[in-house]
Amino acid sequence: MQGQAQQQAYDRGITIFSPDGRLYQVEYAREAVKRGTASIGIRTEDGVVLAADKRSRSPLMEPTSVEKIHKADDHAGIASAGHVADARQLIDFARRQAQINRLRYSEPIGIEALTKEVTDHIQQYTQVGGARPFGVALLIGGIEDGEPRLYETDPSGTPYEWKAVSIGANRGDLQEYLEENYEDGLDLDGGIALALRALATTNDDSLEPAGVDVATVSLDTEAFHELDNDEIETHLADLDLLPDDEDEDDDADVDADEE
């Protein structure tokens with residue numbers, strides 16, 4: 001009993017290390033990220049691809065209201081996994097930093113510098129009493145000095161640079177798929193295909209265009225572009241990842257029988 005009470009004391013205090021050197025609130029924030037739907041980032045020779053699973057909880061929900069990928073600046077995009085409200089706060093912070101850099105230096109902010117501004121902000125919330133860590137992870141991708149860059153942020157405030165990475169639910173399975181199938185020399189279309197195939201592995205090998213979000217930052221234009229449903233549907237059709245009509249009809253028949 002005494003041991004449990006002692007552990008609970010460390011649970012409540014974000015500024016207190018446990019005897020084995022752990023910050024429990026940060027670890028719980030990582031668990032919150034795992035409960036969020038997955039997002040994937042792919043760095044290719046032609047730019048960066050961000051893709052996210054944005055399936056809605058109800059058919060009555062407007063799919064456009066589920067936002068998983070955001071434009072941070074003309075040359076940078078951000079995908080999130082975890083608490084959406086926390087993500088919005090960090091994305092707004094990132095946008096402000098990008099605009100401050102443009103006003104101060106008359107040039108776009110570097111992707112590495114932007115990521116470290118965000119992670120410095122995140123890290124402050126692991127040191128201050130009366131606050132909690134951000135329960136969200138971000139993928140920050142874009143073009144810096146003519147090169148694609150892709151970073152992950154962690155609730156502890158640690159940045160990591162990746163060639164391909166997944167955050168959120170089923171991270172282990174998705175990361176394993178990326179490690180097995182990622183190849184150097186991918187173009188943007190190849191990166192989109194890899195990201196969609198990876199997401200499909202945890203969705204019965206099929207995806208609805210309205211249930212996935214995809215954005216790219218091209219090396220040629222250095223511009224953030226979010227694909228619309230028609231563009232996503234074209235990619236899914238080419239990859240044979242659209243749901244079968246027969247399966248949908250069967251599901252509808254089962255629902256009718258249950259009624």
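Just so it is clear, the model here is predicted, and its values are computed rather than measured. Residue numbers start at 1 and run along the sequence shown.
Between the side chain of Gln124 and the backbone N or O of His121, no donor-acceptor pair lies under 3.5 Å. Here the side chain of Asn101 pairs a donor or acceptor atom with the backbone of Glu107 at under 3.5 angstrom. Using a distance-only test at 3.5 Å, with no hydrogens or angles considered, a donor-acceptor pair links the side chain of Asp228 to the main chain of Asp230. With hydrogens and angles disregarded, no donor-acceptor distance shorter than 3.5 Å links the side chain of Asn170 to the backbone of Asp173. For the pair Gln175 (side chain) and Ala164 (backbone), a donor-acceptor distance under 3.5 Å is present. Distance alone, capped at 3.5 Å, is enough to place a donor-acceptor pair between the Ser218 side chain and the Asp220 backbone. Looking at Thr126, its side chain never comes within 3.5 Å of a backbone N or O of Ile122 through a donor-acceptor pair. A donor-acceptor contact shorter than 3.5 Å is absent between the side chain of Asp73 and the backbone of Ala76.
Put simply, the side chain of His235 reaches to within 4.5 Å of the side chain of Asp189, judged on heavy atoms. Considering only heavy atoms from C-beta on, Asp74 stays 4.5 Å or farther from Pro108 through its side chain. Residues Asp213 and Glu226 meet the side-chain proximity criterion, which asks for heavy atoms closer than 4.5 Å. Residues Val212 and Leu196 form a side-chain contact, since some pair of their non-hydrogen atoms from C-beta on lies under 4.5 Å apart. Within the 4.5 Å cutoff, no side-chain heavy atoms of Asp120 are placed close to those of Gln123. Within the 4.5 Å cutoff, no side-chain heavy atoms of Arg43 are placed close to those of Val49. Within the 4.5 Å cutoff, the side chain of Thr119 has heavy atoms near those of the Pro159 side chain. Looking only at side-chain heavy atoms (C-beta outward), Tyr182 and Leu194 come within less than 4.5 Å of each other.
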Next item on the list: Report the C-alpha distance between Thr44 and Asp46 in whole Å, list the side-chain angles of each, state the deciding distance to 0.1 Å, and finish with yes or no for side-chain hydrogen bond (donor to acceptor under 3.5 Å, both in side chains).
Entry: CA-CA 5 Å; Thr44 75; Asp46 298 335; 5.4 Å; no
Next item on the list: Assess whether side chain to side chain contact (heavy atoms under 4.5 Å, CB included) is satisfied between Leu207 and Leu242, documenting all intermediate values.
Entry: CA-CA 6 Å; Leu207 294 170; Leu242 289 171; over 6 Å; no
Margin query: side chain to side chain contact (heavy atoms under 4.5 Å, CB included), that's the test. Do Arg55 and Asn203 meet it? Break it down for me.
Written below: CA-CA 10 Å; Arg55 288 172 295 169; Asn203 288 275; 2.8 Å; yes
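Note that the CG atom of Leu174 and the CD atom of Glu179 stand 11.0 Å from one another [nearest 0.5 Å]. Atom CZ of Arg104 is separated from atom CD of Gln99 by 13.0 Å, given to the nearest 0.5 angstrom. For the atom pair Glu176 CD and Asn181 CG, the distance stands at 10.0 Å (nearest 0.5 Å). Going from atom NE2 of His75 over to atom OG1 of Thr221 covers 12.5 Å, rounded to the nearest 0.5 Å. For the atom pair CD1 (Ile232) and CG (Leu227), the distance works out to 5.5 Å, reported to the nearest 0.5 Å. Leu219 CG to Glu45 CD: the interatomic distance, rounded to the nearest 0.5 Å, is 9.5 Å.
The shortest non-hydrogen separation linking Ile109 to Ala113 is CG1-CB, 4.1 Å. In this structure, Ile40 and Ala198 approach most closely via the heavy-atom pair CD1-CB, 3.6 Å. The minimum heavy-atom distance between Lys54 and Ala210, with the atom names listed, is CE-O, 3.3 Å. Across every non-hydrogen atom of Leu50 and Ala79, the tightest pair is CD1-N, 4.1 Å. Contact record, Ala72 with Arg95: O-CG, 3.6 Å, taken as the closest heavy-atom pair. Contact record, Glu208 with Leu236: C-CD1, 4.1 Å, taken as the closest heavy-atom pair.
By the rule that hydrophobic residues join a cluster once side-chain heavy atoms approach within less than 4.5 Å of another member, Leu239 and Leu178 end up as members of one cluster. Hydrophobic clustering places Val217 together with Ile69 (ILVMFWY residues linked when any side-chain heavy atoms are closer than 4.5 Å, directly or through intermediates). Note on Val214 and Leu150: separate hydrophobic clusters, where clusters join Ile, Leu, Val, Met, Phe, Trp and Tyr whose side-chain heavy atoms are under 4.5 Å apart, directly or indirectly. Under the 4.5 Å side-chain heavy-atom criterion for Ile, Leu, Val, Met, Phe, Trp and Tyr, Leu90 and Val33 are members of distinct hydrophobic clusters. Under the 4.5 Å side-chain heavy-atom criterion for ILVMFWY residues, a single connected hydrophobic cluster contains both Leu241 and Leu199.
A salt bridge links Arg22 with Glu27: at least one charged nitrogen is closer than 4.0 Å to a carboxylate oxygen. Looking at Arg197 and Asp205, no side-chain N of the basic residue comes within less than 4.0 Å of a carboxylate O on the acidic one, giving no salt bridge.
Within a 6.0 Å sphere centred on OH of Tyr177, other residues, nucleotides and ligands contribute more than 12 heavy atoms.
In this structure, a donor-acceptor pair under 3.5 Å is present between the side chains of Asp154 and Ser156. Of the N and O atoms on the side chains of Tyr160 and Glu152, not one donor lies less than 3.5 Å from an acceptor on the other residue. A donor atom on one side chain and an acceptor atom on the other are not found under 3.5 Å apart for Tyr28 and Arg30. For the 3.5 Å distance criterion, the side chains of Asp204 and Ser206 fail to qualify, holding no donor opposite an acceptor.
Under the side-chain hydrogen bond (donor to acceptor under 3.5 Å, both in side chains) criterion, the residue pairs touching residues 31-40 are Glu31-Lys34, Thr37-Lys68, with sequence neighbours excluded.
Among residues two or more places apart in sequence or in another chain, the side chain to side chain contact (heavy atoms under 4.5 Å, CB included) test is passed with Arg88 by Val84.
The only option from Ile78, Val118, Asp86 that meets the side-chain contact (heavy atoms from CB on, under 4.5 Å) definition with Ile91 turns out to be Ile78.
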Only pairs under 3.5 Å count here: list side-chain donor-acceptor contacts from residues 134-148, not counting sequence neighbours, and write none if there are none.
unit_1, atom_1, unit_2, atom_2, d
Glu144, OE1, Ile111, N, 3.0
Glu144, OE1, Glu112, N, 3.1

